[in-house]
2 protein chains.
Amino acid sequence: MAPKDAKAVKRPSTKVKPPAKAPRKGAAAVRRRLAPEERRRQIVAAAKSLFLEEGIDHVSMRKIARKVGITQAAIYQHFENKEAILFVIIEDFFSDLLHVFEVAVSQETEPAARLRRAMRTYIDFGLSRTEEYRLVFMTPMSGLVRAGVAIPRTEEAKLTPSKGSLAFGMLDSCVHQVVEAGATRDLDPDLVSEAIWAAGHGVVSLLITHGHFPWTDKAALIDLQIDLLLEGLLPAGSPARGENRGGGSSCPFGPR
Amino acid sequence: MAPKDAKAVKRPSTKVKPPAKAPRKGAAAVRRRLAPEERRRQIVAAAKSLFLEEGIDHVSMRKIARKVGITQAAIYQHFENKEAILFVIIEDFFSDLLHVFEVAVSQETEPAARLRRAMRTYIDFGLSRTEEYRLVFMTPMSGLVRAGVAIPRTEEAKLTPSKGSLAFGMLDSCVHQVVEAGATRDLDPDLVSEAIWAAGHGVVSLLITHGHFPWTDKAALIDLQIDLLLEGLLPAGSPARGENRGGGSSCPFGPR
DNA sequence: CAACTAACCGAACGGTGTTTATTTAGGAGG
DNA sequence: CCTCCTAAATAAACACCGTTCGGTTAGTTG
């Protein structure tokens, strides 16, 4: 059918590669070398700022290089590829998430309230850093996630836990406390953690990708989502039913 | 000769432009013209099959064209751009979702069971068509969604509802039936619809992007998620509590 | 001060979506 | 039958993208 044509064409674009003895042409371009760690820092910083200036889709190696003041190729001296840069950004994201989690959880003593606070914190954090959230949780990246960023519960992770593992672990322990306190039906805590994560992620990701959907009331939706989940955990005639409501989002939706 | 073309803007591209008298080079390539609607059909079909063969990221205009047996540029005779092709795929996706919804809902009479069935149907459907799901619900596309695919509740949508609107409307009406039957706490049905959608979406999208996360039990997670949400709707001492459980997924996870 | 390491650059490769001017298939009208 | 004309299809280019490679050179070290 299709000619297919293979690659026989050999791109007749002149070249022929003369010795290219090109000496220093201009006097202006003074090439400044930097310590590798400093360059790495610059590159990551440039990538991050491009991230929230132009969004995840418009971060290119060329733009990063231009922002830093070097050529694209120079980046590869410091990072194996683009994913390696994003990897650092993801690690920082998880690091911040972990910190925010720790602060939030430390402010509540009662297990149920603590879990509620954790869930709200996750949602607010995600909505305040939408571009990074998209990168971390809404983009399937082969090597990245598997590389240890967000794989808790495995033996490997228990030995050298990543920030992602620790962050998930915090949610996990909040749920365990609630379940073990006997305040819920008889449920598998691990499964509950995953369900709560999924529910929170659902709200965050839908609000991010479908921000123009005619939502009835975004803040109320978040409140209700948290509420439904936690109510669903309680046993039939629980006296806690209906308590601990409210506590609206302290985050008026971050950027955008 | 004598083409009416009076403008001859001549893009400032160095010209050079030899007459390019290129005659039929090979004997094989017979240029066949097709009726526009037939070509459109071919292009969409090719795009769809590439979608599930190679995934959303590897569908390019060149690959589509090659599969159809034409050049890239020819596609632009029939579609304004790549998004326009994806648009058709999205419409078909919603059309199928709507149909599946209708069948599912028609098989249940009791409102709560009907809602449970709808939620499970959504999740199973999403997991059976992951690449399209990613395109429709996990990719922010400027013009696309706003173009009327999934914007229910607006006046415009009520006049000429899209398949997406109708699909969401089915979930909406399921929720309304349950709430109006007095089987739940006093909640805004629209808000509940959105929360249930978000929860279902959370499970589907996390399972899609993080399929390698060490999930405790994917099927059990889906069951629990549905369960928590519906339990959370019920009033405090509801006699329905704990009923209507189970009814595990009939879908053993579609492709991949 | 020479030698060496590695940060850096220029140029290219193969890929993407899209646009342009040109060619030509195939139906309609004389 | 034979023109004419519309529009489907083409080839070639444009401006991007991530990545690679060989040569250049800055800055340290022996």
Side-chain angles (χ1 to χ4, degrees), chain A residues 2-3 5-7 9-26 28-40 42-43 47 54 57-66 68-86, chain B residues 1-26 29-40 42-43 47 54 57-66 68-86:
Chain A
D5 191 56
K7 55 167 32 179
V9 195
K10 185 51 180 153
R11 239 294 168 227
S13 65
T14 67
K15 73 139 186 40
V16 182
K17 188 64 71 57
K21 215 73 212 101
R24 267 290 44 131
K25 53 171 59 179
V30 202
R31 186 152 70 184
R32 290 192 51 73
R33 312 179 105 199
L34 254 61
E37 59 211 48
E38 175 63 11
R39 262 292 183 253
R40 276 182 69 97
Q42 283 187 348
I43 292 169
E54 316 198 23
D57 297 326
H58 299 96
V59 177
S60 72
M61 297 299 258
R62 281 169 173 81
K63 281 186 183 170
I64 294 173
R66 207 178 307 136
V68 173
I70 56 179
T71 59
Q72 316 93 282
I75 296 181
Y76 291 86
Q77 201 71 226
H78 306 280
F79 292 92
E80 189 188 341
N81 51 31
K82 191 180 180 183
E83 269 201 359
I85 302 176
L86 302 183
Chain B
M1 64 292 253
K4 72 268 233 56
D5 180 32
K7 1 185 6 181
V9 184
K10 199 61 158 185
R11 265 242 150 267
S13 62
T14 71
K15 66 143 192 16
V16 179
K17 190 62 69 58
K21 213 68 222 141
R24 270 290 46 121
K25 52 171 58 178
V30 198
R31 185 149 73 184
R32 287 183 47 74
R33 311 180 104 200
L34 255 61
E37 58 211 48
E38 175 63 10
R39 263 292 182 253
R40 276 183 70 96
Q42 283 186 348
I43 292 169
E54 316 198 23
D57 297 326
H58 300 98
V59 177
S60 73
M61 297 299 259
R62 281 170 175 79
K63 281 186 184 169
I64 295 173
R66 206 178 311 136
V68 173
I70 56 181
T71 59
Q72 317 91 284
I75 296 181
Y76 290 86
Q77 200 73 227
H78 306 280
F79 292 93
E80 189 187 342
N81 51 30
K82 192 180 179 182
E83 269 201 358
I85 302 176
L86 301 183

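Computation of the quantities below employed the complete heavy-atom set of this structure, encompassing side-chain atoms and omitting hydrogens, waters and symmetry-equivalent molecules. Order of the sequence lines fixes the chain letters, A, B, ..., with proteins taken first and strands second; residue numbering starts at 1 for each chain.
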Measure across [X] and [Y] and return the closest heavy-atom pair with its distance rounded to 0.1 Å.
X	Y	value
B:Lys82	B:Ser60	NZ-CA, 4.4 Å
A:Glu54	A:Lys63	OE1-NZ, 3.0 Å
A:Ile43	A:Phe79	CG2-CE1, 3.7 Å

Provide, to the nearest angstrom, the distance between the [atom1] atom belonging to [X] and the [atom2] atom belonging to [N].
X	N	atom1	atom2	answer
B:Ile75	C:dT18	CD1	P	10 Å
B:Ile70	D:dA9	CD1	P	6 Å
B:Gln72	C:dT20	CD	P	16 Å
A:Arg66	C:dC8	CZ	C1'	18 Å
B:Asp57	D:dG18	CG	P	14 Å
B:Leu34	C:dG27	CG	P	12 Å
A:Ile64	D:dT19	CD1	C1'	14 Å
B:Tyr76	C:dT22	OH	P	21 Å

Indicate, yes or no, whether a donor-acceptor pair under 3.5 Å links the base of [N] to the side chain of [X].
X	N	value
B:Gln77	D:dA9	yes
A:Arg39	C:dA7	no
A:Arg62	D:dG18	yes

Go nucleotide by nucleotide along DNA chain D from the 5' end; which of B:Pro36 and A:Lys63 gets its closest nucleotide reached first?
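It is B:Pro36 whose nearest nucleotide is closer to the 5' end.
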
Nucleotide of [options] approaching [X] most closely (side-chain heavy atoms):
X	options	value
A:Thr71	C:dG10, C:dG17, D:dT19	C:dG10
A:Arg33	D:dT19, C:dG17, D:dT25	D:dT25
A:Ser60	D:dC17, C:dG10, C:dT18	D:dC17
B:His78	C:dA7, D:dA8, D:dT19	D:dA8
A:Ala73	D:dA8, C:dC9, C:dT18	C:dC9

So B:Val68, base contact, sugar-phosphate only, or nothing? Heavy-atom distance under 4.0 Å.
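Nothing, no heavy atom under 4.0 Å.
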
More than 12 heavy atoms of other residues, nucleotides or ligands under 6.0 Å from CD of A:Glu38: yes or no?
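Yes - once you tally the heavy atoms of other residues, nucleotides and ligands closer than 6.0 Å, there are more than 12.
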
Is there a side-chain contact between A:Arg39 and A:Ile70 (heavy atoms, below 4.5 Å)?
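Yes, at least one pair of side-chain atoms sits under 4.5 Å.
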
